[in-house]
Participant: 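Take this structure first; my questions come after.
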Amino acid sequence: MPLRLQTAGESHGPRLTAILEGIPAGLRIDPAFVASEMSRRQHGYGRGGRMKIEADAASFEGGVRGGVTLGSPIAIGVVNRDFANWESVMGPLSVDPAAAAQKRLTRPRPGHADLAGGMKYGARDLRDVLERASARESAARVAAGAVCKLLLRECGIEVRSGVLSLGGVESGAARSFASLERVREDSPLRAVDAALEPKMVAAIDAAKKDGETLGGSILVGARGVPAGLGSFAAWDRKLDGRIGQALLSVPAVKAVELGSAIEASRGPGSRAHDEIEKGPDGILRRRTNRAGGLEAGVTNGEEVIAVATMKPISTLAKGLDSVDLETGEPARSAYERSDVTAVSACGVICEAMLAFVLADALLELTGGDRMEDVTARLAAHRERVGRYPR
Ligand SMILES: Cc1cc2nc3c(=O)[nH]c(=O)nc-3n(C[C@H](O)[C@H](O)[C@H](O)COP(=O)(O)O)c2cc1C
């Protein structure tokens, strides 16, 4: 795959780093756009105190000169402001044992990485596990995703998301890009159905009062995606699988649905598939988009549409039954400052991951060391697909 993304950094460590390799030379970086993506990830009603401390800024530290990519790996840093409060606990080379002991975590939270990660790495202090498992890491992904979105924008492809359901308040909005265009970025929850936001906000308030947390689902989609990205020729090139993997890698995302797959599975085939017709312009198109723009792991020229489902946050103020690893005795799970819900922010991370997968598949199709090669080859591809089968 032409694009590679790696991130490093702990939640309360000094900084997060993303390295994005494979972006061609000649892509202009729009710093205001990158900054707005970083801030979108921080918003959403129901977030905890951490997001009030951080004001995420992505600093470009490699692979870019004068605002234009060089073709070399792009390094992006995001400083954790909170490190100033945690240096004695999270110092990379030394910690203050007394301060570290105070922040020691020994009562694993069901649903978080604590127990499984402790068993895996042998950590006695589960902070060694949770610091990396924390969704704070996703700030680095969103920074890299913003670069992917800029590349896609040059290619006429746009990626958006919106909250479809939260805490059981469900929208029946159409699974289409048009639904995503109606999402108000300045609303408390970026819901697809703005009329449902007061109900969602009330559900969050009630959950908070009860020491509870909430999950939900996100509609994420892309428009302008050419037919022919991905391949059925080998299982690991199938784009549906790659999108699924990328979205499931987002913390707390536990299910991914492409198009209207679940509803389609409940009815007959005649109501599951997207019938083909020839438009007056001679172009082949679909009457519906139940497949979410993907057939056999290949984009078919329709909008790419997915739904990512997020479980409720696993750090509950009221705790859950657990065991204190220190004493071996039953105990309530640990609580530290946490979100009541983060579905809206999760959507921004899903956008970043979808943008990464689409940019990767696009570069696979076009190749090219320079953006001008990418756009010229994409234009030729779009033209060929448009007149298919001629
Ligand atoms: C934007 C965002 C914010 C999150 N905030 C929290 C949080 O404050 N507390 C928490 O326990 N989990 C939070 N999570 C979820 C955990 O990171 C996640 O459940 C944990 O890493 C275990 O991974 P898994 O749920 O993917 O299995 C958040 C997830 C996202 C996407």
Side-chain angles (χ1 to χ4, degrees), residues 7 9-12 16 37-54 56 78 80 82 103 105 107-121 123 126-143 145 161-167 188-190 204 207-208 211-218 220 244-256 306-320 322 332-354 356:
T7 72
E10 277 62 44
S11 177
H12 298 93
L16 301 161
E37 290 293 286
M38 299 304 286
S39 122
R40 288 176 73 228
R41 195 200 70 92
Q42 293 196 263
H43 287 151
Y45 193 79
R47 302 300 303 275
R50 178 76 188 269
M51 288 304 115
K52 293 189 183 87
I53 296 172
E54 304 297 342
D56 288 342
V78 182
N80 288 324
D82 211 8
K103 293 288 187 187
L105 199 138
R107 291 171 288 125
R109 296 160 297 173
H112 217 297
D114 308 346
L115 185 56
M119 286 171 160
K120 179 174 171 64
Y121 292 107
L126 298 176
R127 182 156 305 284
D128 288 346
V129 169
L130 72 96
E131 281 287 332
R132 178 62 186 161
S134 157
R136 177 79 191 133
E137 178 268 348
S138 62
R141 292 202 228 178
V142 168
S161 76
V163 171
L164 205 54
S165 72
L166 202 155
L189 288 164
R190 295 197 318 102
I204 295 169
K208 186 171 184 179
E212 275 289 358
T213 60
L214 297 175
S217 64
I218 298 132
V220 56
Q245 200 267 328
L247 294 180
L248 283 167
S249 80
V250 175
V253 170
K254 294 294 144 188
V256 173
V307 176
T309 301
M310 186 187 191
K311 72 185 184 188
I313 299 284
S314 51
T315 308
L316 277 71
K318 68 178 181 186
L320 289 168
S322 184
R332 293 297 272 179
S333 56
Y335 177 77
E336 70 180 41
R337 192 183 51 199
S338 192
D339 300 327
V340 174
T341 191
V343 185
S344 164
C346 185
V348 178
I349 308 162
C350 289
E351 287 176 37
M353 294 313 291
L354 181 61
F356 172 80

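Residues: numbered from 1 along the sequence shown. Order of listing sets the numbers, starting from 1, for every ligand and every atom in it.
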Participant: Considering only protein heavy atoms, which is closest to atom 24 (P) of ligand 1, and at what distance to one decimal place?
Facilitator: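 Nearest neighbour among protein heavy atoms for atom 24 (P) of ligand 1, to 0.1 Å: Lys254 NZ, 3.4 Å.
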Participant: Is the side chain of Asp114 donor-acceptor paired with the backbone N or O of Arg109 at a distance under 3.5 Å, no angle test?
Facilitator: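 Yes: the side chain of Asp114 pairs with the backbone of Arg109.
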Participant: What's the shortest distance from atom 9 (N) of ligand 1 to any protein heavy atom, and which residue and atom give it?
Facilitator: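 The closest heavy atom on the protein side is Ser338 OG, 2.7 Å.
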Participant: Any idea which atoms of ligand 1 are less than 4.0 Å away from a heavy-atom of Ala342?
Facilitator: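 Counting atoms of ligand 1 from 1, those under 4.0 Å from Ala342 are 1 (C), 2 (C), 3 (C).
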Participant: I want to know if ligand 1 touches Ser138 in the polar sense, i.e. an N/O pair below 3.5 angstrom.
Facilitator: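 No, Ser138 has no N/O under 3.5 Å of an N/O on ligand 1.
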Participant: Looking at side-chain heavy atoms only, is the closest gap between Ser217 and Ser165 below 4.5 Å?
Facilitator: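 Yes. Closest side-chain heavy atoms under 4.5 Å.
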Participant: With backbone taken as N, CA, C and O and side chain as the heavy atoms from C-beta onward, which portion of Val253 lies under 4.0 Å from ligand 1: side chain, backbone, both, or neither?
Facilitator: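 No part of Val253 comes within reach of ligand 1.
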Participant: Are any of the N or O atoms of Met310 closer than 3.5 Å to those of ligand 1?
Facilitator: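 Such a contact does not occur with ligand 1.
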Participant: Of all the non-hydrogen atoms in the protein, which one sits nearest to atom 28 (C) of ligand 1, and at what distance?
Facilitator: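 Its nearest protein heavy-atom neighbour is Ala135 CB, 3.5 Å.
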Participant: Under 4.0 Å between a side-chain nitrogen and a carboxylate oxygen: does that hold for Arg40 and Asp56?
Facilitator: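 No.
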Participant: Using atom types as modelled and distance alone, determine if a side-chain donor or acceptor of Arg127 lies under 3.5 Å from a backbone N or O of Leu105.
Facilitator: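 No, because the side chain of Arg127 does not come within donor-acceptor range (under 3.5 Å) of the backbone of Leu105.
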Participant: Nearest protein heavy-atom contact for atom 4 (C) of ligand 1: which residue, which atom, what distance?
Facilitator: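 Here the closest protein heavy atom is Asp339 OD2, 3.5 Å.
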Participant: Ala345 heavy atoms, cut-off 4.0 Å: which ligand 1 atoms fall inside?
Facilitator: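 That gives atoms 1 (C) of ligand 1.
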Participant: Considering Thr213, Ile218, Ile313, Leu130 one by one, which has a heavy atom nearer to atom 12 (N) of ligand 1 than any of the others?
Facilitator: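 Nearest option to atom 12 (N) of ligand 1, by heavy atoms: Ile313.
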Participant: In Å, rounded to the nearest 0.5 Å, how long is the span from OG of Ser344 to CG of Leu189?
Facilitator: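 Between atom OG of Ser344 and atom CG of Leu189 there are 6.0 Å.
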Participant: For atom 16 (C) of ligand 1, what's the nearest protein heavy atom and its distance?
Facilitator: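 The answer is His112 NE2, 3.8 Å.
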Participant: Between Glu131 and Ser11 (side chain of the first, backbone of the second, donor and acceptor by atom type, cut-off under 3.5 Å), is there such a pair?
Facilitator: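 Checked: pair present.
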Participant: Without hydrogens or angle criteria, can the side chains of Arg132 and Thr7 be said to hold a donor-acceptor pair below 3.5 Å?
Facilitator: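 Short answer, yes.
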Participant: Please confirm whether Ser314 comes under 4.0 Å of ligand 1, counting heavy atoms of the residue only.
Facilitator: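 Yes; Ser314 lies near enough to ligand 1 that a heavy-atom distance drops under 4.0 Å.
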Participant: Which atoms of ligand 1 have any heavy atom of Ile349 under 4.0 Å away?
Facilitator: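 The list of qualifying atoms is 1 (C), 31 (C).
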Participant: Could you find the nearest protein heavy atom to atom 31 (C) of ligand 1 and give me its residue, atom name and distance?
Facilitator: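 Ranked first by proximity to atom 31 (C) of ligand 1 is Pro251 O, 3.3 Å.
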Participant: Is it the case that ligand 1 has an N or O less than 3.5 angstrom from some N or O of Lys311?
Facilitator: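 Yes; at least one N/O pair falls below 3.5 Å.
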Participant: Which donor-acceptor pairs under 3.5 Å do side chains of residues 248-255 form with protein atoms, sequence neighbours excluded?
Facilitator:
| unit_1 | atom_1 | unit_2 | atom_2 | d |
| --- | --- | --- | --- | --- |
| Ser249 | OG | Arg141 | NH1 | 2.9 |
| Ser249 | OG | Ala246 | O | 2.7 |

Participant: Any idea which of Gly111, Ala133, Ala252 brings a heavy atom closest to atom 22 (C) of ligand 1?
Facilitator: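 Ranked by closest heavy atom to atom 22 (C) of ligand 1, first place is Gly111.
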Participant: Between Asp339 and Lys208, does at least one N-O distance fall below 4.0 Å, as a salt bridge requires?
Facilitator: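 Not counted as a salt bridge, because no side-chain N and carboxylate O are separated by less than 4.0 Å.
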Participant: Give the residue, atom name and distance (to 0.1 Å) of the protein heavy atom nearest atom 11 (O) of ligand 1.
Facilitator: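 Result for atom 11 (O) of ligand 1: Thr315 OG1, 2.4 Å.
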Participant: Less than 4.5 Å apart, any side-chain heavy atom of Glu37 and any of Glu351?
Facilitator: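 SC-SC contact between Glu37 and Glu351 confirmed.
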Participant: Is there a side-chain contact between His12 and Asn80 (heavy atoms, below 4.5 Å)?
Facilitator: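 A side-chain contact is absent here, since even the closest heavy-atom pair is not under 4.5 Å.
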